[in-house]
Amino acid sequence: MGFNGSIPGAAGLHLVDGVALLRPEEQVFAAMLTGFANQQLARNLARTTVEGRENTVKAFAAYVNAYPWLWTPAMVDEWLGDLRSLRDLKRSTIRSYSEAVRAFCHFITDPLYEWTATCEERFGTHPVQVVHEWNTAVHVQDNEADAKKRAFTKAELHAFFAHCDDEVARIRAFGRKGWLPAFRDATLFKTAYAFGTRRNETRMLDAADFGRNPHGGELGQYGRCQVRFGKAKKGSPPKRRGVLTVFDWAPDVLDEWFTEVRPLFGTDNNPAAWPSERGLRIGCQRLNSRFVAYRKALGLDDGLDFHSFRRSYVTHLIEDGWDPRFVQEQVGHEHASTTSLYTCVSSDFRTRTLRRHLDSTIAAALQTQPGRQA
């Protein structure tokens, strides 16, 4: 409640009773959006989420060329249909758009916020909920990722990292300054795989996030990585987790970067592990463009993206016999079923596993045959 007893986001906080508006439709809609933003911020949602929903509502209003108190379910049908047929958006994206409009309509039709009464008074009509179960897709599957997305095979991963190193050497041989960003990105890609981190988790790492593991002294200063910007639940701050180093080559890669190359960026007073040439730290768009350029240069398919480093981390550890529970803790999954969705176990691993179990079954059967010694 506000200091005067009003509900945050209510019409009374944004419109003064008895005052004629210069452009009533535009001003009421703008006030609705402001109230909607306040209501979501009060729920502790991230500002990026709030801004994204606001932009979606604006886009819908522009598409139907009507204000919220004139919206109908048929307008939603046409809008979502066009998004799928013309822009070929992903299912999850379509659902997020419809949920943004649903949440906005829920807000402006709630009697507590007074928008229905305000619209009746000013326009002679009122908003209604236009997004329903029968005109939107239902979320019935835990994993809705594009079926093309997959992990690297070990051979592909080796080729990708070798190409990263070759690009650094090639650019440096020509005497160009671009070898420093290329070296940074190569190390970042290797780190994402070495610790199974997401793109933003990797990008947001600071130099101080790497430290010793008291139970793995041979790994030196890079036995552990503290992830501070993990994937958050709705309305919650970023989730933290500690990831232990499991690959013995990772400390050497990180030591070379932090002791020899990173200082060349002029990183005084910059805590970021991966500084940008012009700002505090590298951006997501730069990482995506570099990754895609390397993938195309190697002729790899578009089923591989930055997140494939994380899929590969899970897959390769499971293939190499690491305990699934340990892998689950390393990547920060709350449920083992989520980790299993990331596991793209190769056919070679399946064959070895099947052969091992068949051999053990046959050996046990032979041991129990009459006339054979146990």
Side-chain angles (χ1 to χ4, degrees), residues 1-83 89 91-139 232-238:
M1 298 290 285
F3 70 92
N4 60 353
S6 301
I7 299 173
L13 292 178
H14 305 284
L15 298 172
V16 179
D17 292 335
V19 176
L21 301 179
L22 182 61
R23 299 183 301 277
E25 291 87 355
E26 293 180 15
Q27 290 176 273
V28 169
F29 184 33
M32 285 177 169
L33 289 171
T34 301
F36 182 49
N38 289 343
Q39 183 237 27
Q40 292 180 100
L41 290 172
R43 293 170 53 200
N44 220 20
L45 298 184
R47 288 189 179 274
T48 52
T49 301
V50 176
E51 292 170 2
R53 289 182 174 181
E54 181 178 354
N55 290 335
T56 299
V57 171
K58 288 179 179 178
F60 175 62
Y63 177 87
V64 299
N65 193 28
Y67 291 104
W69 46 93
L70 300 174
W71 291 350
T72 65
M75 293 177 176
V76 176
D77 297 347
E78 183 180 355
W79 179 57
L80 296 181
D82 275 2
L83 289 178
L89 297 180
R91 291 178 175 83
S92 57
T93 303
I94 294 291
R95 184 174 296 107
S96 71
Y97 285 1
S98 63
E99 284 301 317
V101 176
R102 186 203 303 272
F104 178 74
C105 289
H106 180 76
F107 164 72
I108 60 176
T109 57
D110 190 330
L112 291 174
Y113 292 105
E114 307 165 356
W115 288 110
T116 52
T118 298
C119 290
E120 282 282 4
E121 178 184 345
R122 294 181 181 271
F123 310 120
T125 186
H126 61 82
V128 297
Q129 178 61 264
V130 295
V131 181
H132 306 276
E133 290 186 3
W134 41 264
N135 68 342
T136 54
V138 180
H139 190 183
K233 292 184 177 180
K234 187 179 295 186
S236 300

Reported [atom1]-to-[atom2] distance for the pair [X] and [Y], which is rounded to 0.5 angstrom:
X: Gln27; Y: Arg122; atom1: CD; atom2: CZ; result: 8.5 Å
X: Arg102; Y: Gln129; atom1: CZ; atom2: CD; result: 6.5 Å
X: Asp77; Y: Thr72; atom1: CG; atom2: OG1; result: 8.0 Å
X: Phe29; Y: Cys119; atom1: CZ; atom2: SG; result: 11.0 Å
X: Leu83; Y: Trp79; atom1: CG; atom2: CH2; result: 5.5 Å
X: Thr49; Y: Arg47; atom1: OG1; atom2: CZ; result: 11.5 Å

> Only one of Tyr97, Phe36, Tyr113 clears ring pair (Phe, Tyr, Trp, His ring centres under 6.0 Å) with Phe104; which?
Replying inline: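 In the set Tyr97, Phe36, Tyr113, the residue that makes a ring pair (Phe, Tyr, Trp, His ring centres under 6.0 Å) with Phe104 is Phe36.
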Identify every side-chain donor-acceptor pair in residues 59-70 under 3.5 Å, counting partners at least two apart or on other chains, and give the distances.
| residue | atom | partner | partner atom | Å |
| --- | --- | --- | --- | --- |
| Tyr63 | OH | Asp82 | OD2 | 2.3 |

> Taking only residues two or more places apart in sequence, or in another chain, which ones meet His126 in a side-chain contact (heavy atoms from CB on, under 4.5 Å)?
Replying inline: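 So His126 forms a side-chain contact (heavy atoms from CB on, under 4.5 Å) with Thr116, Glu120, Val128.
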> For Pro73, which residues count as a side-chain contact (heavy atoms from CB on, under 4.5 Å) partner, sequence neighbours excluded?
Replying inline: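 For Pro73, the residues satisfying side-chain contact (heavy atoms from CB on, under 4.5 Å) (neighbours in sequence not counted) are Val130, His132, Trp134, Asn135.
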> Taking only residues two or more places apart in sequence or in another chain, which ones pass salt bridge (Lys or Arg N to Asp or Glu O under 4.0 Å) with Glu26?
Replying inline: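 Salt bridge (Lys or Arg N to Asp or Glu O under 4.0 Å) list for Glu26, sorted by chain: Arg23.
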> Does the side chain of Val76 come within less than 4.5 Å of Trp71's, by heavy atoms?
Replying inline: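 No, their side chains stay 4.5 Å or more apart.
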> Taking only residues two or more places apart in sequence, or in another chain, which ones meet Asp110 in a side chain to side chain donor-acceptor pair (under 3.5 Å)?
Replying inline: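 If we apply the side chain to side chain donor-acceptor pair (under 3.5 Å) test to Asp110, skipping adjacent residues, there are no hits.
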Result block: side-chain N/O donor-acceptor pairs under 3.5 angstrom for residues 51-58, not counting sequence neighbours:
| residue | atom | partner | partner atom | Å |
| --- | --- | --- | --- | --- |
| Arg53 | NH1 | Gln40 | OE1 | 3.0 |
| Glu54 | OE2 | Lys58 | NZ | 3.4 |
| Asn55 | ND2 | Glu51 | O | 3.2 |
| Thr56 | OG1 | Gly52 | O | 2.9 |

